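Here the structure is laid out as C-alpha cells; the discussion comes afterwards.
None of these values were measured; they are calculated from a predicted model. Each chain gets a letter, A, B and so on, in the order its sequence line appears, and its residues count up from 1.
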There are 2 protein chains.
Amino acid sequence: MKRNAKAVVSRKRILDAAACIFRDFGYAGTTMRAIAKEANLEAGSIYYYFGTKDDLISAILDSAMLELIESVRQSVEALPSSASNRDRIQVAITAHLTTIIKIGDYTLATRRVVGQVPDTIRIRNKVLREQYASLWQNILNHGRESHEFRTNANLAMARLYILGALNWTVEWYKPKGQPLDDIARDLASIVLDGLVGSQHPESVNAPVS
Amino acid sequence: MKRNAKAVVSRKRILDAAACIFRDFGYAGTTMRAIAKEANLEAGSIYYYFGTKDDLISAILDSAMLELIESVRQSVEALPSSASNRDRIQVAITAHLTTIIKIGDYTLATRRVVGQVPDTIRIRNKVLREQYASLWQNILNHGRESHEFRTNANLAMARLYILGALNWTVEWYKPKGQPLDDIARDLASIVLDGLVGSQHPESVNAPVS
DNA sequence: GTCTATAGGGAGATAGAC
DNA sequence: GTCTATCTCCCTATAGAC
C-alpha cells in the first residue's frame, strides 16, 4: 500500500495532524475524530493506515527520536578531526536545537505524552532514547579525556542537565524572536563557560533584545 | 465545611491522589473513578469537595507553584546581606530542587498536564508562573549588577536554561541515588563555572558513582 | 482509499438514600 | 460526608458501501 503516492502523502498528513493533536490534548485526550478533522478526512479512514491509536503515537515517538539521533550524529561526525571539544559541543547543541524546533509538533507531543502511553510503547521507545543519551555521553566523556573540561565536572549529570535545558526550549522558542543560531551559541556559552567563567573569544554574544 | 477536621483530611487525601493519577494518565486520561480508588472512596464523594474535575487540576497546578515561590523566596531572603551571588544562586537552586522533589507528584502532574488543560485554567496559573520567573530573573540580574557574572551572559536565556534543567531532574531523580544536596551542588557548579571553567573552591564535588 | 453507520464500553456529573 | 444508581454524552474500532 505504500507504493501508491497518494497513500504515502495521506499517511504523512495523518501523522503530522496526530502530532499536532497529541501535543495539545495528550494521549487520552486525543480522539481519532480530532486527528481526522485536522487531516481533512473521516475518523474511519485513519484505520486504513494505522491499526490503532497506539500505532499512531508509537510512530510519532519513534520517528522524533530517530530524526534527532541522525541529526546530531551526522553533525558531529562531519567535523574535521582537528575540531576541539568546544566545537563538538557547540555543533551538537545546534543540531539538537535545530531538529527539535524543526519537528516541533513531534517534539512537544513526545514531551507531553511519553509519560502517559501504555508501557509496551514506552519501553520500545526507551531503547532509542538510551541510544541518544549515550551519543551525548560519548561527546562529553571525550572532552574530559582530552583535558579540555575540568576533570571533576560530573558529566553524567551534565548530560541530564544539558538535555533538560535544551529540550525546554521548544516550550518558549518563538520563530519571530532571536535566530536559532544565536540561541544555540548563547546556550553553548553558558554550558561551557558558566555564568561566572571568563569569556571565551569564540562565544561572544549579543545582549538579549 | 473546612472547619471539620475530617473534611480537611479527606480533601488533602483526594488532592494527593489526584496529583498521582494526573501524573500518570494526563488530563483527559484521569478519571474521577481512578482518583476515588486511589483516595479510598467513591467517585461521587469527590464532588462534595471539588465541583468539577477542572477545579481539581486547577488546585494542583496552583498549589505546586505557590509552594515553589514561597520556598525559593524564603531561602534567598534568609541569606545574610553579605552573601555572594554565587551563594544566592546555590541556595535558590537547592530550594527549587528540594521543593520540586518533595512535592514530586504535583510537580510531575503539572509538567505533564499544563499544556493540556482548558485555557481558562492555564491562564490563571500563568500568573503564578510569571511571578516565579521574575523572582529568578531578579536573582540573576543582581549578579550582573554586582559584576560577579560576566557581563555579556544572556541572563533571560540563562534563566530559561537553568529552570529547564532543574525541572528535568524530577524525571530522573531517584531517592536512593545521590543525596539531593550533592545534586544541587553539582548543578550549581555547572551553572556557575561551566564545563570548561576553572574550579571554584566552594564547589568541589565527588565523582559520580 | 475513503466514506457512513454503529456496536460496545466508559466518561463526568447529578440525585437522593443513609 | 459518603454511598449507589443513573443520565447523557462521546470514545475506539469495525463492517460494508462506493
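- Side-chain contact of A:S84 with A:D87: a donor-acceptor pair under 3.5 Å is present, judged by distance alone.
- Ion pairing of B:R111 with B:E171 is present here, as a side-chain N (NZ or NE/NH1/NH2) and a carboxylate O approach within less than 4.0 Å.
- Across D:dC3, C:dC3, C:dA11, the shortest atom-to-atom separation from the side chain of A:E42 is found for C:dC3.
- The CD1-P distance, from B:I14 to D:dG1, rounds to 12 Å in whole Å.
- In this structure, the CG atom of B:L41 is 14 Å from the C1' atom of D:dT4, given to the nearest Å.
- With B:R122 as reference, B:D119 is the one residue of B:D119, B:N125, B:T120 to meet the side-chain hydrogen bond (donor to acceptor under 3.5 Å, both in side chains) rule.
- Of the candidate nucleotides D:dA13, C:dG12, D:dT2, C:dG12 has the atom lying nearest to any side-chain atom of B:T31.
- Of the listed nucleotides (D:dT2, C:dG1, C:dA11), C:dG1 has the atom at the smallest distance from the side chain of A:K6.
- Rounded to whole Å, atom C1' of D:dA5 lies 17 Å from atom CE of B:M32.
- With hydrogens and angles left out, the side chain of B:R33 and the base of C:dG12 share a donor-acceptor pair within 3.5 Å.
- No hydrogens or angles considered: a donor-acceptor pair under 3.5 Å links the side chains of A:D54 and A:Y27.
- Distance, A:D55 CG to D:dT14 P: 11 Å, rounded to whole Å.
- For D:dA13, the OP1/OP2 oxygens have a side-chain nitrogen or oxygen of A:Y47 closer than 4.0 Å.
- Contact between the side-chain N/O atoms of A:Y49 and the OP1/OP2 oxygens of C:dT2 is found at a separation under 4.0 Å.
- Atom OH in B:Y48 sits about 6 Å away from atom C1' in D:dG1, given to the nearest Å.
- The phosphate of D:dG1 has neither OP1 nor OP2 within less than 4.0 Å of any side-chain N or O from B:S45.
- Nucleotide D:dG1 holds its C1' atom 14 Å from the CZ atom of B:F50, rounded to whole Å.
- With D:dG1, C:dT2, D:dT12 as the candidates, the nucleotide lying closest to the side chain of A:K53 is D:dT12.
- The closest side-chain donor-acceptor pair between B:Y106 and B:D16 falls under 3.5 angstrom.
- Distance CZ (A:R11) to C1' (C:dT2): 17 Å, rounded to an integer number of Å.
- What separates CG of B:N4 from P of D:dT2 is a distance of 9 Å, to the nearest Å.
- Between A:S10 and C:dT2 there is a side-chain N or O to OP1 or OP2 distance below 4.0 Å.
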